[in-house]
Colleague: 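Take a look at the following structure, please.
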There are 2 protein chains.
Amino acid sequence: MAGHKIGALAKRTGTNAATIRYYEGIGLLPRPDRQDGNQRRYGEDDVGRLTFIRRCRDFGFSIEQVRTLSSLVQDRSRSCLEARDLAQGHLVAIRAKLRELKALEKSIAQFVEVCDAECVGGPGPDCVILDDLSGARPIATSCCAAA
Amino acid sequence: MAGHKIGALAKRTGTNAATIRYYEGIGLLPRPDRQDGNQRRYGEDDVGRLTFIRRCRDFGFSIEQVRTLSSLVQDRSRSCLEARDLAQGHLVAIRAKLRELKALEKSIAQFVEVCDAECVGGPGPDCVILDDLSGARPIATSCCAAA
DNA sequence: TATACAAGTTGAAGTAACTTGAGGTTCAAG
DNA sequence: CTTGAACCTCAAGTTACTTCAACTTGTATA
């Protein structure tokens with residue numbers, strides 16, 4: 001019988017087999033044909049669909065958003081502008097996240113730096129870092145900028 | 001009776017009251033004194049502790065990592081170098097995440113751009129974007145770089 | 001003082017997006 | 001024919017909370 005087994009599909013799309021079954025369970029992937037022994041068999045269209053899903057997920061779209069996107073793929077009479085708008089909204093969120101993460105990286109890098117500079121001596125009650133984190137005094141200057 | 005009620009602590013630390021109870025439940029915050037009517041009362045040390053926790057969480061440390069960090073705060077005889085190393089490891093993870101997110105931003109921005117350029121006409125079966133996402137052909141050139 | 005309503009209490013269940021585990025069947029190779 | 005990998009289903013576990021229901025307590029006002 002033709003078609004990929006679930007393991008092959010998993011490998012080809014970089015998806016865990018359990019995840020594939022999970023997607024089937026929540027209706028994100030259609031129920032595939034079964035071989036005599038009840039094992040799932042997938043075709044090339046399934047490869048495409050799953051690739052699409054994984055790519056969207058990698059892009060940070062939620063399952064529900066992927067569902068929407070998927071239906072756009074199915075129903076081409078609707079505008080791909082809907083997809084554009086979804087992506088656009090997503091882009092805004094990503095840029096916000098990016099800003100946050102950059103600030104975070106800076107803060108933690110400073111944390112490590114200060115630690116290296118001031119706590120090199122090893123164990124002891126003198127660590128300024130942990131005090132900073134508990135916020136007894138303003139943090140920004142000596143150690144970590146508040147998020 | 002002195003001390004903050006849970007709502008006040010929540011407001012001061014920017015934490016949901018339910019989350020405070022949750023932290024208490026998992027042993028991240030100590031059980032506070034109770035007022036006559038069984039309501040929790042918190043002191044300044046609790047403000048510090050919770051601020052510490054929230055800040056670590058904002059920094060992306062997991063609850064378990066915060067637990068470790070917390071114990072370092074309690075027990076100053078141990079080295080703050082442990083905290084440094086935890087932070088260092090975390091920094092590496094953050095930088096990886098940052099790289100991913102940057103690539104993602106670029107991809108999605110391109111997605112939107114191409115959409116604007118090629119799909120302006122509105123609805124129709126000609127949308128190249130959705131085809132790209134399902135990976136029938138390599139994506140990088142016309143639309144989105146693979147993650 | 002009565003009343004209303006905001007804020008507190010508990011325990012349980014819900015959330016996202018899977019992952020892991022138990023216990024059993026089927027396939028493919030030697 | 002046997003062995004072991006890959007498959008099957010269903011249930012429960014994961015993270016870090018949030019939400020809900022049903023109830024009690026605290027506080028401000030008429």
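Sequence lines set the chain letters: A, B, ... in the order given, protein chains first and strands last, and positions in each chain run from 1. Bear in mind the structure is a predicted one, so any value in this text is a computation, not a measurement.
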Colleague: Return whichever of Glu64(B) or Gln39(A) has its heavy-atom-nearest nucleotide of DNA chain D closer to the 5' end.
Modeller: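 Of the two residues, Gln39(A) wins.
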
Colleague: Consider the side chain of Arg40(A), meaning its heavy atoms from C-beta on, and name the nucleotide among dC8(D), dT19(C), dC18(C) that approaches it most closely.
Modeller: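 When the side chain of Arg40(A) is considered, dC8(D) is the closest of dC8(D), dT19(C), dC18(C).
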
Colleague: Would you mind telling me which of dT19(C), dG8(C), dT9(D) lies closest to the side-chain atoms of Ala18(A)?
Modeller: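 Of the options given, the side chain of Ala18(A) lies nearest dT19(C).
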
Colleague: Heavy atoms from C-beta onward define the side chain here; which of dT9(D), dT19(C), dG8(C) lies closest to that of Lys5(B)?
Modeller: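 That would be dG8(C).
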
Colleague: For dC8(D), take OP1 and OP2 only and decide whether either is under 4.0 Å from a side-chain N or O of Asn38(A).
Modeller: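 Negative; the distance criterion is not met.
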
Colleague: If only side-chain N and O atoms of Arg54(A) are considered, is one of them under 4.0 Å from the OP1 or OP2 phosphate oxygen of dC18(C)?
Modeller: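 Result: yes.
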
Colleague: If you compare every side-chain N and O of Arg21(B) against the phosphate oxygens of dC17(D) (OP1, OP2), does one of them come in below 4.0 Å?
Modeller: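 No, outside the criterion.
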
Colleague: Side-chain donor-acceptor pair under 3.5 Å between Arg54(B) and Tyr23(B), yes or no?
Modeller: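 The criterion, which ignores hydrogens and geometry beyond distance, is satisfied for Tyr23(B) and Arg54(B).
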
Colleague: Would you mind telling me which of dC7(D), dT19(C), dA16(D) lies closest to the side-chain atoms of Asn16(A)?
Modeller: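 Looking only at heavy atoms from C-beta outward on Asn16(A), the closest nucleotide is dT19(C).
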
Colleague: Heavy atoms from C-beta onward define the side chain here; which of dC17(D), dT9(D), dC18(C) lies closest to that of Tyr22(A)?
Modeller: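 Of the options given, the side chain of Tyr22(A) lies nearest dC18(C).
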
Colleague: Taking side chain to side chain contact (heavy atoms under 4.5 Å, CB included) as the criterion, tell me which of Lys5(A), Glu24(A), His4(A) meets it with Arg40(A).
Modeller: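 It is Glu24(A); the other options fail the test.
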
Colleague: Salt-bridge test for Lys106(A) and Glu113(A): reply yes if a basic N is under 4.0 Å from a carboxylate O, no otherwise.
Modeller: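 Answer for the salt bridge query: no.
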
Colleague: Could you state the CZ-C1' distance from Arg34(A) to dT26(C), rounded to the nearest angstrom?
Modeller: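 Atom-to-atom, Arg34(A) to dT26(C), this comes out as 13 Å.
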
Colleague: Side-chain N or O of Tyr23(B) versus OP1/OP2 of dC17(D): is the shortest distance under 4.0 Å?
Modeller: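 Indeed, a polar side-chain atom of Tyr23(B) lies that close.
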
Colleague: Is Ile6(A) touching bases, backbone alone, or none of the nucleic acid, heavy atoms closer than 4.0 Å?
Modeller: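 Counting heavy atoms under 4.0 Å across all strands, the contact made by Ile6(A) is with sugar-phosphate only.
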
Colleague: Find the distance between CD1 (Ile6(A)) and CZ (Arg21(A)) and round it off to the nearest 0.5 Å.
Modeller: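 Ile6(A) CD1 to Arg21(A) CZ: 4.0 Å, rounded to 0.5 Å.
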
Colleague: Counting just side-chain N and O atoms, does Thr19(A) come under 4.0 Å of either OP1 or OP2 of dT19(C)?
Modeller: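 Yes, because at least one side-chain N or O of Thr19(A) sits under 4.0 Å from OP1 or OP2 of dT19(C).
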
Colleague: Does the side chain of Gln35(B) get closer than 4.0 angstrom to OP1 or OP2 of dG26(D) through an N or O atom?
Modeller: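 Gln35(B) to dG26(D) OP1/OP2: side-chain N or O found under 4.0 Å.
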
Colleague: Taking 4.0 Å as the cut-off, does a side-chain nitrogen or oxygen of Arg41(A) come that near to OP1 or OP2 on dC8(D)?
Modeller: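 Negative; the distance criterion is not met.
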
Colleague: Is the shortest side-chain N to carboxylate O distance from Glu64(B) to Arg67(B) below 4.0 Å?
Modeller: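 Arg67(B) and Glu64(B): salt-bridged.
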
